[in-house]
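Below is one structure; the comments refer to it alone.
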Amino acid sequence: MKYTALQGTKDLLPEDAPKWRYIEDKIREILSLYNYKEIRTPVFEQTELFKRSIGDDTDIVQKEMYTFQDQGKRSLTLRPEGTASIVRAFIEHNLGEKSPLVKLFYFGQMFRQERPQKGRLREFNQYGVEVIGSLDPLVDAEVIELGVRINKAFGLEGLKLYLNSIGCKDCRPAHRDAFNKFVKDKIEKFCQDCQLRLLRNPLRIFDCKNEKCIEALKDAPMILDFLDAKCKNHFKKVREYLDQMGIEYILDGRLVRGLDYYTRTTFEIKSEALGAQDTLIGGGRYDLLVSELGGKDTPAIGFAAGIERLFLVLEMQKKFPLEDERLDVFIAPLGEKEKSLGLKLLKDLREKGLRCDLDFLERSLKSQLKEADRQKAKKVLIIGEDELKKGKGTLRDMETKEQKEIEFEKLVQELIRA
RNA sequence: GUGGGUGUAGCUCAGCCCGGUUAGAGCAUCAGGUUGUGGCCCUGGGGGUCGCGGGUUCAAAUCCCGUCACCCACCCCA
């Protein structure tokens, strides 16, 4: 085959497109209940924006971005995530001036040049929310509950919510120092990768799946023990609100996020139905990002969710509703004149809002009925020589097999009533 | 970037170890059984560079080397 979809990209075929639409519709419906407003931003931005927001030392920026030069030799990058663009737009359009609290959501494809595997593509779709303008732990709780709620609305089973707080710029350094020292002192007990992580992004050692490292980390200093009074209180409130709403979660002091902009509350929702890439939703606070990108000091929180992963779980747990796109009428013409009459009727019926189609392949009546059956047509209008002569078509009900003759002029009327 | 697995018909796969008649099955598709009537059934047909390139051999889907793609995992993350 000469041309194929590129590695890590996928075609969405007609059989799956309705499922995709189902997902989007349902999510939109819920987001509307929560009073979130949609925002759409370009798929590419200045490279610098992502470097600034995601962090120069992260893997995303280091080796996963699709970066290219445009004709003017500017460095552009296909967005690897959604938050940076939205914060950029928030600042650029002074959205914070119009109202002090902005609740946004987005859908869109993201691009990361990683090795594909189950639940991970190079071009993938995310939806996400961002709430910009409030430091109130109540907002954290609302955002987390929203994430839980959306998954619940799809009937997903086997989900777990993990929660942590990674502190702020005041309390993180103390933990970082203590943690680095802890690891350095017993560096030989950690795997190769973790020894590298210590230099790059020490907290990610918490993510290591290596048994040795997990064991070695047993008594490691946890960020939760280092939170300053404000952060501690904030986190306490978040948990209280979640408890109030009956949201179950697992307190996970090892949960650290991979993007630099996160502060305080972080959370993930994982599905046990997925493989290694099991995070359905990941998010947290990013109180410093708006000012980091040149806006006024504005606190914010949000999450991003992988739609392909949601799709996988829905498929596995058979949670897609099976609604067929049935045809109201299928027209079966048996000759040249019949075809042109059929085309006219088709137009009239469609104008009245009926879903219909006609056989374009000049097939036998038998084949045409077969086709109508495949299309799950409710009725078939047969137009042959006899019908043409009489000025009446034969209308067959595909379920009852009843047939009646009906004048072409009255057809549209009759079908609308039925 | 690293490791393992898999590439044969539109789809799911058998055949490969132990090279050898026209490369198979089920599903799908088309036609006929019903000269104008679907779903079930029966009969028949079409459809394959056996991922690609090279090598070994009288002979390669089958053995060897290379290469590409996909999948899973590491890594990373949604």
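Chain A is the first sequence line, chain B the second, and so forth, proteins listed ahead of strands; every chain is numbered from 1.
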A:Lys160: partners by salt bridge (charged side-chain N to carboxylate O under 4.0 Å, His left out), with sequence neighbours left out: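 Residues passing salt bridge (charged side-chain N to carboxylate O under 4.0 Å, His left out) with A:Lys160: none at all.
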
Within 45° cone of A:Tyr66 ring axis and under 6.0 Å: A:Arg122 NZ or CZ: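 Output no; distance or angle outside limits.
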
Cation-pi, A:Phe154 ring and A:Lys319 (6.0 angstrom, 45 degrees):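 Because its charged atom misses either the 6.0 Å distance or the 45° angle limit, A:Lys319 does not stack over A:Phe154.
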
Using a heavy-atom cut-off of 4.0 Å across all strands, would you classify [X] as base, sugar-phosphate, or nothing?
X: A:Glu308; answer: nothing
X: A:Gly275; answer: sugar-phosphate
X: A:Ala304; answer: sugar-phosphate
X: A:Lys366; answer: base

Base [N] to side chain [X], donor-acceptor N/O within 3.5 Å cut-off:
X: A:Arg396; N: B:G38; answer: yes
X: A:Arg120; N: B:C76; answer: yes
X: A:Glu399; N: B:G38; answer: no

Euclidean distance, atom CD of residue A:Gln403 to atom P of B:G36 [Å, nearest integer]: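 Distance, rounded to whole Å: 14 Å.
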
Euclidean distance, atom CD of residue A:Gln277 to atom P of B:C72 [Å, nearest integer]: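 It works out to 10 Å between those atoms.
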
Geometric class of the A:Tyr36/A:Tyr34 ring pair [parallel <30°, tilted 30-60°, perpendicular >60°]: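 A:Tyr34 and A:Tyr36: tilted rings.
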
Along RNA chain B (nearest heavy atom to each residue), the more 5'-positioned of A:Arg115 and A:Lys401: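 Looking at RNA chain B, the more 5' nearest nucleotide goes with A:Arg115.
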
